[in-house]
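Following: one structure in structure tokens, then a few remarks.
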Amino acid sequence: IITSKFYANQAIDTFQGAKTAFLNSVVTEDKIRAPLQSFVDAQTEFAKEMVRIGDEVFTQSVTYLQNQVNQTKTKK
């Protein structure tokens with residue numbers, strides 16, 4: 001199943017890949033590029049974790065609301 005999380009991660013990979021390509025083409029000194037690439041990698045991990053958390057919160061919220069609706073229906 002392709003979810004919104006899939007598309008969000010794909011967008012993150014695209015943007016971060018562009019940053020990496022920029023670093024590789026502009027910063028030629030490895031000693032300078034390495035910490036910059038580490039920063040880009042940390043940004044990628046952070047962004048993907050935020051997407052995962054947002055997806056989890058959304059899923060739990062929808063499940064809770066569905067349960068509330070079902071309980072209301074069964075009480076009638």
Side-chain angles (χ1 to χ4, degrees):
I1 297 175
I2 296 178
T3 63
S4 59
K5 188 167 108 174
F6 170 80
Y7 291 115
N9 282 331
Q10 202 171 32
I12 291 166
D13 288 338
T14 299
F15 286 117
Q16 299 305 89
K19 289 179 186 180
T20 296
F22 175 80
L23 282 176
N24 288 337
S25 64
V26 173
V27 182
T28 56
E29 180 64 41
D30 285 339
K31 290 180 181 180
I32 296 171
R33 187 176 58 237
L36 294 172
Q37 184 60 52
S38 293
F39 182 69
V40 171
D41 294 342
Q43 287 178 325
T44 303
E45 288 179 38
F46 176 79
K48 288 186 175 191
E49 184 66 11
M50 296 310 306
V51 168
R52 186 194 67 76
I53 291 169
D55 185 61
E56 189 174 315
V57 168
F58 175 78
T59 301
Q60 289 180 7
S61 298
V62 169
T63 301
Y64 174 79
L65 291 173
Q66 286 174 334
N67 290 338
Q68 293 299 313
V69 168
N70 290 338
Q71 287 177 5
T72 303
K73 286 181 179 178
T74 57
K75 287 182 181 179
K76 291 183 179 182

- request: Answer yes or no: is there a donor N or O on one side and an acceptor on the other, between the side chain of Asp55 and the main chain of Val51, under 3.5 Å?
  value: no

query: Quick one: do the Lys19 and Gln37 side chains pair a donor with an acceptor below 3.5 Å?
result: no

field: Qualifying residues under side chain to side chain contact (heavy atoms under 4.5 Å, CB included), relative to Phe58, sequence neighbours excluded
entry: Val62

message: For the CD atom of Gln16 and the NZ atom of Lys48, what is their distance to the nearest 0.5 Å?
response: 9.0 Å

message: Could you work out, with side chain to side chain contact (heavy atoms under 4.5 Å, CB included) as the rule, every residue matching Glu56, not counting sequence neighbours?
response: Arg52, Gln60

Approximate separation, where rounding is to 0.5 Å, of Ile32 CD1 and Leu23 CG: 11.0 Å

field: Any residue meeting side chain to side chain contact (heavy atoms under 4.5 Å, CB included) with Thr63, in chain and number order, not counting sequence neighbours
entry: Thr59, Asn67

task: Measure the OG1-CD distance between Thr44 and Glu49 for me, rounded to the nearest 0.5 Å.
output: 13.0 Å

Euclidean distance, Gln43 CD relative to Ser38 OG, rounded to 0.5 Å: 11.5 Å

- prompt: Pick from Asn24, Val26, Thr20: which one makes a side-chain contact (heavy atoms from CB on, under 4.5 Å) with Phe22?
  reply: Val26

message: According to a hydrophobic-cluster definition based on side-chain heavy atoms being under 4.5 Å apart (Ile, Leu, Val, Met, Phe, Trp, Tyr only), do Val27 and Val40 belong together?
response: yes

